[in-house]
> 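The following block contains the structure, expressed as structure tokens.
First the proteins, then the strands, lettered A, B, ... as listed; each starts at 1.
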Amino acid sequence: MTDARFDPAHADLRWQRAWDAARCFEADSASARPKRYVLEMFPYPSGRIHIGHVRNYTMGDVLARYRRMRGDEVLHPMGWDAFGMPAENAAMEQGVHPAGWTHANIAAMKAQLRRLGFALDWSREFATCDASYYGHEQALFLDLYEAGLVYRRASAVNWDPVDRTVLANEQVIDGRGWRSGAVVEKRQLDQWFLRITAFAEELLDGLGTLERWPEKVRLMQENWIGKSQGLAFRFALSNGESVEVYTTRPDTIFGASFVAVAPDHPVAQGVAMNNCEAARFNHRCKQGGTSAAEVETAEKLGFDTGLGARHPFTGAYLPVFIANFVLMDYGTGAVMGVPGHDGRDFDFASKYGLPILRVVAPSADAADAPMTEAEPGDAVLVHSGFLDGMGVEEAKRAVIARAEAEGWGEGKTVWRLRDWGVSRQRYWGTPIPFIHCAACGVVPVPRDQLPVTLPEDVDFSAPGNPLERHPTWKHVACPQCGAAAQRETDTLDTFVNSSWYFLRFASQPADRPFDPDEVAQWLPVDQYIGGVEHAILHLLYARFWTRALAVCGKISVQEPFASLFTQGMVTHETYRAGDGSWLSPSEVRREGDDYLRIEDGSPVTLGRMEKMSKSKKNVVDPDTIVERHGADAVRWFMLSDSPPERDLPWSDSGIEGCARFVQRLWRLFGQFDAAAEGEDRALARKTHRAIAATAEDIEGLAFNKAVARIYELASAIEKAPPSADRSAAIRTLLLLAAPMMPYLAEEGWAAMGGSGLVANAAWPEVDPALLVEDEVTIAVQVKGKLRDTLTAPRGLPQAELEALALASEKVQRSLDGAAIRKVIVVPDRLVNIVA
RNA sequence: GCCCCUGUGGCGGAAUCGGUAGACGCGCUCGACUCAAAAUCGAGUUUCCUCGUGAAGUGCCGGUUCGAGUCCGGCCAGGGGCACCA
């Protein structure tokens, strides 16, 4: 009845057309069925789909297709995060227009996605570079402006004096511009900021409600927001000035033996004016790496200013140092050094011979125990005057209370989170809808003049921002006074584009960004899936925008993503030739345990499994493998073996195994016989257990386990003789595999005479009666070691199980006549005899 | 430096609540089919030995328990994150 082999090339095209014709994946906001929003992070249109995208979208697709089979109305959209630097780079390097380059990439990648059989609602597709998207973004930006969440201030940028452009951190290599090689300068520019710090507390508290987010991501965000509570207070200095410090450990104030200020702190700058050694020291501190790991392992350096700081309680004068480990932009840029109870202060004090005082001890008796390292301390205060005997928390409160009563300090909450700078001095982004007027200042573009569109006739041959030097674009009349004025030429950070796209997917009226009622139908996203690299910025910004829009009355949801899943990377072996250069998998062949270069047979060194990257040449192209093995096999491989949150090692033999399984299923489908008769209770049980287990695994995103269930059922069916139950099992198997291998499933469904499309079919019902086994295997242990297994009817009373176990010959042999002290019986599982 | 995660066969991994460790897949070995190969099908595949159906075994050391991959304490290794954040 069917072809001997399943031909993906033929089937794939056929069913893509069938799905399109039936418009089965278009979500209906008016549907009465339960709404389900499945979303994967939308891609940047770089030109080609990466294998990591394939894994990401396959997971979301299985979930979306499964939910549809369970009767939900599923929204599973796709679009393009289309603004960004690569398009401008292409424009500069290849002379193409960013828009043309981007749209060509989108077309190519869309074709790739369609080929992979994803059940996407293409009717809602958009690119963030469409004026019909970014125009609404401009309106939302004005909403935030009116709500007081947008402001301008001066802020430093990396300025490339040769290219006359602002560089991103990644474009600055060893302090030089990546293209020009010129030494990068810090330059102050007036820039636009979003007041995310106004939401610091809410964003932190909100994390507590995100139970279906990975603990890891919540922790990363929590650390990023960085709330700390402590005491800010002033030290009077010996030169008549004063310095404010901030500490989270006010309880240890009696242990302070020095004060340290940042090299760019006013006190340090003041000292440097009259002391060239201090100036040299300050300068030296600005060199060297800025990354945490580099800085933290760097040697702690200090410069004794000769100044003294008067301790508020003891009246003693503490030496004031300039120190390289104090940061100007956190807290007050100055700290009190407590070597006994802070690791950095300990290192510093040891180096400069400063006293190391114990002020917290495990007990009052241990007040004079020697200190060999900094102890965080969590017990009792000692050598601390009025604090002696108090616990750490009590002492913190007491010091803050005293400082506030005496007026020299106050309890303070400090946040690490800073406001979000959204200005980019680039062409390919959302124009910021403001106009600069000499008389009126910064004036918002009137809403009836939105969108502010990008000019198309731009020139990338000269350095600098094309918007800035466009002959006419920026010259406009002031909306308020009508005088000649200039448009803002900065565009928005692309993270703004991705901070609300999930709302536009849910609802896209032409005249507004979205309809609040329709958004309420779909939001929050039931399952968001993407890479962990977006754990902090994208997800925090999206949470911020959602809350900010709620404050503006635009929507009612607080948190955009109810459940988040971060998938692992796809990795591949790396290969290196004798000269150390990287080789691509296609240049290498394997002979036994040896790897050889195909070209000349020279030996190849096998490197680590690493994330696929062009620089290491360990990439596989999705198109090539889809061509060779079909989309179903590729999807199956993406789901098999590795748990989705872990890395997936790509292997050729793995994908070949998947392709074989596709054919094996196809042969099995060919054995479906609607007329078969006879019962097979055992197979029916296995079938229903597989339905229940696969559903559970898919719902828990344990796709690797769901895959194993399907393999198991397939093997059981192959071994079973023909029967009505066997035919039913084959049909069930097809349905279980349908979300994962949609093309094969449609083809098989049609061959079996199923009605309609499998894409619209229902998930098989489980018969609970068939989930229960009536016989169970009992493990019999003697002193905790397995000695025998026996089969017993389910639910056998404990006493009978015990008797059965004791009757076992192997058990008696192990006991060897020893007296039985105790017997532990776990019903339907095991008997443990303790002798 | 700090924080987090992960360590189970040749490999990816499974094991609900502490209850038969190694499901399922890949690879490999042997066999069937074939002139042959591919494909397919069948059997086997943690280690060790005295080959019994013994002993050991989930990174290492210890603990709790009738029983530990799972819980607790201390290490080690690999990976990830970061902000010297006071």
> Which pair of heavy atoms, one from A:Pro8 and one from A:His629, lies closest together, and at what distance?
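Where A:Pro8 meets A:His629 most closely, the heavy atoms are CG-O, 4.1 Å.
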> Mind checking the C1' distance from B:C28 to B:G80? Whole angstroms is fine.
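Comparing C1' positions in B:C28 and B:G80 gives a spacing of 34 Å.
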> Under 4.0 Å between a side-chain N/O of A:Arg667 and OP1 or OP2 of B:C41, yes or no?
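Yes, because at least one side-chain N or O of A:Arg667 sits under 4.0 Å from OP1 or OP2 of B:C41.
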> Rounded to the Å, how far apart are A:Met740 CE and B:C24 P?
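For the pair A:Met740 CE and B:C24 P, the rounded distance is 17 Å.
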> Mapping A:Ile833 and A:Phe661 onto RNA chain B by nearest heavy atom, which one lands closer to the 5' end?
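In this pair, the answer is A:Phe661.
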> For A:Thr247, report the nucleic acid contact type (base, sugar-phosphate, nothing); a contact means any heavy atom under 4.0 Å.
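If one applies the 4.0 Å heavy-atom cut-off, A:Thr247 turns out to touch the sugar-phosphate alone, with no base involved.
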> Could you check which of B:C26, B:C84, B:U20 has an atom nearest any side-chain atom of A:Ser653?
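The listed nucleotide nearest to A:Ser653's side chain is B:C26.
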> Can you give one letter per nucleotide of nucleotides 46-58 of chain B, 5' to 3': B if a protein heavy atom sits under 4.0 Å from the base, S if only from the sugar-phosphate, - if neither?
--------SSS--
> Between B:A14, B:C3, B:C41, which one does the side chain of A:Leu219 approach most closely?
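Looking only at side-chain atoms, A:Leu219 lies closest to B:C3.
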> Between the main-chain N or O of A:Val360 and the side-chain N or O of A:His341, is there a donor-acceptor pair closer than 3.5 Å?
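It does hold such a pair.
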> Please measure how far the P atom in B:G81 lies from the corresponding atom in B:G42, and state the result in whole Å.
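The answer is 45 Å between these two P atoms.
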> Looking at B:G19, B:G13, B:G27, which one has an atom nearest to any side-chain atom of A:Arg660?
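The nucleotide sitting nearest to the side chain is B:G27.
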> Would you please confirm or rule out a distance under 4.0 Å between OP1 or OP2 of B:C85 and any side-chain N or O of A:Arg344?
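For A:Arg344, the contact criterion (side-chain N or O under 4.0 Å from OP1 or OP2 of B:C85) is met.
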> Starting at CD1 of A:Ile824 and ending at P of B:A68, how long is that distance when rounded to a whole Å?
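Result: 12 Å.
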> Across the strands shown, which category fits A:Arg416 at heavy-atom distances under 4.0 angstrom: base, sugar-phosphate, nothing?
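Answer is base: heavy atoms of A:Arg416 come under 4.0 Å of a base.
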> Among the nucleotides B:G19, B:C24, B:C66, which one has an atom lying closest to any side-chain atom of A:Ala708?
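Of B:G19, B:C24, B:C66, B:C24 is nearest to the side chain of A:Ala708.
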> Does RNA chain B take part in any stems of at least 3 consecutive Watson-Crick or G-U pairs (both distances under 3.5 Å), and if so, which ones?
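Correct response: B:1-7 with B:76-82, B:10-12 with B:24-26, B:27-32 with B:40-45, B:46-48 with B:54-56, B:59-63 with B:71-75.
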> Just by distance, do the side chain of A:Ser384 and the backbone of A:Phe254 share a donor-acceptor pair under 3.5 Å?
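No: the side chain of A:Ser384 does not pair with the backbone of A:Phe254.
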> Just the rounded figure in Å: distance from P of B:G79 to CD of A:Glu533.
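After rounding, the gap between these two atoms is 19 Å.
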> Would you say A:Asn832's side chain and A:Gly784's backbone share a donor-acceptor pair under 3.5 angstrom?
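Side chain of A:Asn832 to backbone of A:Gly784: a pair is present.
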> Measure from the side chain of A:Arg646, starting at C-beta and using heavy atoms only, and say which of B:C66, B:A23, B:G13 lies closest.
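Nearest listed nucleotide: B:G13.
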> Between B:C66 and B:A43, how many Å separate the two C1' atoms, rounded to a whole number?
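It comes out at 39 Å once rounded to the nearest Å.
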> Indicate whether OP1 or OP2 belonging to B:A14 is found under 4.0 Å from a side-chain N or O atom of A:Asn704.
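Checking B:A14 against A:Asn704, a side-chain N or O does come within under 4.0 Å of OP1 or OP2.
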> Does B:G9 fall in syn (glycosidic angle within 90° of 0) or anti?
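It is syn.
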> Does the side chain of A:Lys719 get closer than 4.0 angstrom to OP1 or OP2 of B:C41 through an N or O atom?
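Answer no for this pair, as no side-chain N or O of A:Lys719 is under 4.0 Å from OP1 or OP2.
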> For the side chain of A:Glu712, counting heavy atoms from C-beta on, which of B:A23, B:G19, B:C41 is nearest?
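From the listed options, B:A23 comes nearest.
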> With rounding to whole Å, what would you report as the distance between B:A56 and B:G73 at their C1' atoms?
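B:A56 and B:G73 have their C1' atoms separated by 25 Å.
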> Does the separation of the ring centres of A:Phe6 and A:Phe669 fall below 6.0 angstrom?
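No: the rings miss the under 6.0 Å criterion.
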> A:Arg249 and side chain to side chain donor-acceptor pair (under 3.5 Å): which single residue from A:Thr252, A:Asp251, A:Thr247 fits?
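Between A:Arg249 and the candidates, side chain to side chain donor-acceptor pair (under 3.5 Å) is satisfied uniquely by A:Asp251.
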> Which whole-number value in Å describes the distance from A:Glu222 CD to B:C3 P?
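Nearest whole value for this atom pair: 14 Å.
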> Can you tell me whether the base of B:C26 sits syn or anti, using the 90° cut around 0 to define syn?
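Base orientation relative to the sugar is anti.
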> Testing the basics here: between A:Ala256 and A:Leu357, what is the closest heavy-atom pair and its distance to 0.1 Å?
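The answer is O-CD1, 4.4 Å.
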> Taking the nucleotide of RNA chain B with the closest heavy atom to each, which residue, A:Thr777 or A:Val707, is nearer the 5' end?
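With A:Thr777 and A:Val707 compared, the 5'-side residue is A:Thr777.
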> Roughly, in whole Å, what's the span from CZ in A:Arg709 to P in B:U16?
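So the CZ-P distance, A:Arg709 to B:U16, works out to 11 Å.
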> In sequence, state the C-alpha distance, the side-chain angles, and the governing distance for A:Thr197 and A:Asp419, and then conclude on side chain to side chain donor-acceptor pair (under 3.5 Å).
CA-CA 6 Å; A:Thr197 52; A:Asp419 277 335; 2.7 Å; yes
> Where does the angle between the aromatic ring planes of A:Phe235 and A:His311 fall among parallel (under 30°), tilted (30 to 60°) and perpendicular (over 60°)?
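Geometry flag for A:His311 against A:Phe235: perpendicular rings.
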> Return the nearest nucleotide to the side chain of A:Leu786; candidates are B:A14, B:G19, B:A21.
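Shortest atom-to-atom distance from the side chain points to B:A21.
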> Check every strand shown and say whether A:Tyr246 touches a base, only sugar-phosphate, or nothing at a heavy-atom separation below 4.0 Å.
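Here A:Tyr246 touches the bases of the nucleic acid.
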> Tell me: CZ of A:Arg5 to C1' of B:A39, nearest whole Å?
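Those two atoms, CZ and C1', are 8 Å apart.
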> From B:C66, B:A15, B:G25, pick the nucleotide closest to the side chain of A:Lys705?
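Taking heavy atoms from C-beta onward, the closest nucleotide is B:A15.
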> Indicate, with a heavy-atom threshold strictly under 4.0 Å, whether A:Val834 touches base, sugar-phosphate, or nothing.
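A:Val834: backbone/sugar contact only, no base atoms under 4.0 Å.
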> Which value, in whole Å, describes the distance between the P atoms of nucleotides B:C41 and B:C24?
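Pairwise P distance, B:C41 against B:C24, rounds to 15 Å.
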> Step through the shown structure and confirm whether more than 12 heavy atoms of other residues, nucleotides or ligands are within 6.0 Å of NZ on A:Lys216.
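Atom NZ in A:Lys216 is not crowded, with 12 or fewer foreign heavy atoms closer than 6.0 Å.
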> Between B:G9 and B:G57, how many Å separate the two P atoms, rounded to a whole number?
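Here B:G9 and B:G57 have their P atoms 14 Å from each other.
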> A:Asp345 has an atom CG; how far is it from atom C1' of B:C2, in whole Å?
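Going from A:Asp345 (CG) to B:C2 (C1'), I get 15 Å.
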> If I take atom NZ in residue A:Lys216 and atom P in nucleotide B:G80, what distance separates them, rounded to the nearest angstrom?
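It is 10 Å, rounded to the nearest whole Å.
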> Considering all heavy atoms of both residues, which atom of A:Lys300 and which atom of A:Lys351 are nearest to each other, and what is their separation?
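Looking at all heavy atoms of both residues, the shortest contact is O-NZ, 3.3 Å.
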> Give one of base, sugar-phosphate or nothing for A:Val780, where a contact means two heavy atoms less than 4.0 Å apart.
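No contact at all - A:Val780 keeps every heavy atom at 4.0 Å or more from the nucleic acid.
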> Could you measure between the two P atoms, the one in B:A14 and the one in B:G7, and give it in whole Å?
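Those two atoms are separated by 9 Å.
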> What interatomic distance, in whole Å, is found between P of B:A23 and the corresponding atom of B:G12?
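These two P atoms come out 15 Å apart once rounded.
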> Given B:G81, B:C66, B:G12, which nucleotide is nearest the side-chain atoms of A:Asp641?
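For A:Asp641, the side-chain atoms sit closest to B:G12.
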> Looking only at side-chain atoms of A:Leu830, point me to the closest of B:C82, B:G19, B:U20.
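Ranking B:C82, B:G19, B:U20 by closest atom to the A:Leu830 side chain puts B:G19 first.
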> If only atom types and distance count, is the side chain of A:Arg635 paired as donor or acceptor with the main-chain N or O of A:Met740 below 3.5 Å?
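Confirmed, A:Arg635 side chain pairs with A:Met740 backbone.
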> Can I get a per-line list of side-chain donor-acceptor pairs under 3.5 Å for residues 565-573 of chain A, giving both atom names and the distance, sequence neighbours left out?
unit_1: A:Thr571; atom_1: OG1; unit_2: A:Leu648; atom_2: O; d: 3.4
unit_1: A:Glu573; atom_1: OE1; unit_2: A:Tyr575; atom_2: OH; d: 2.8

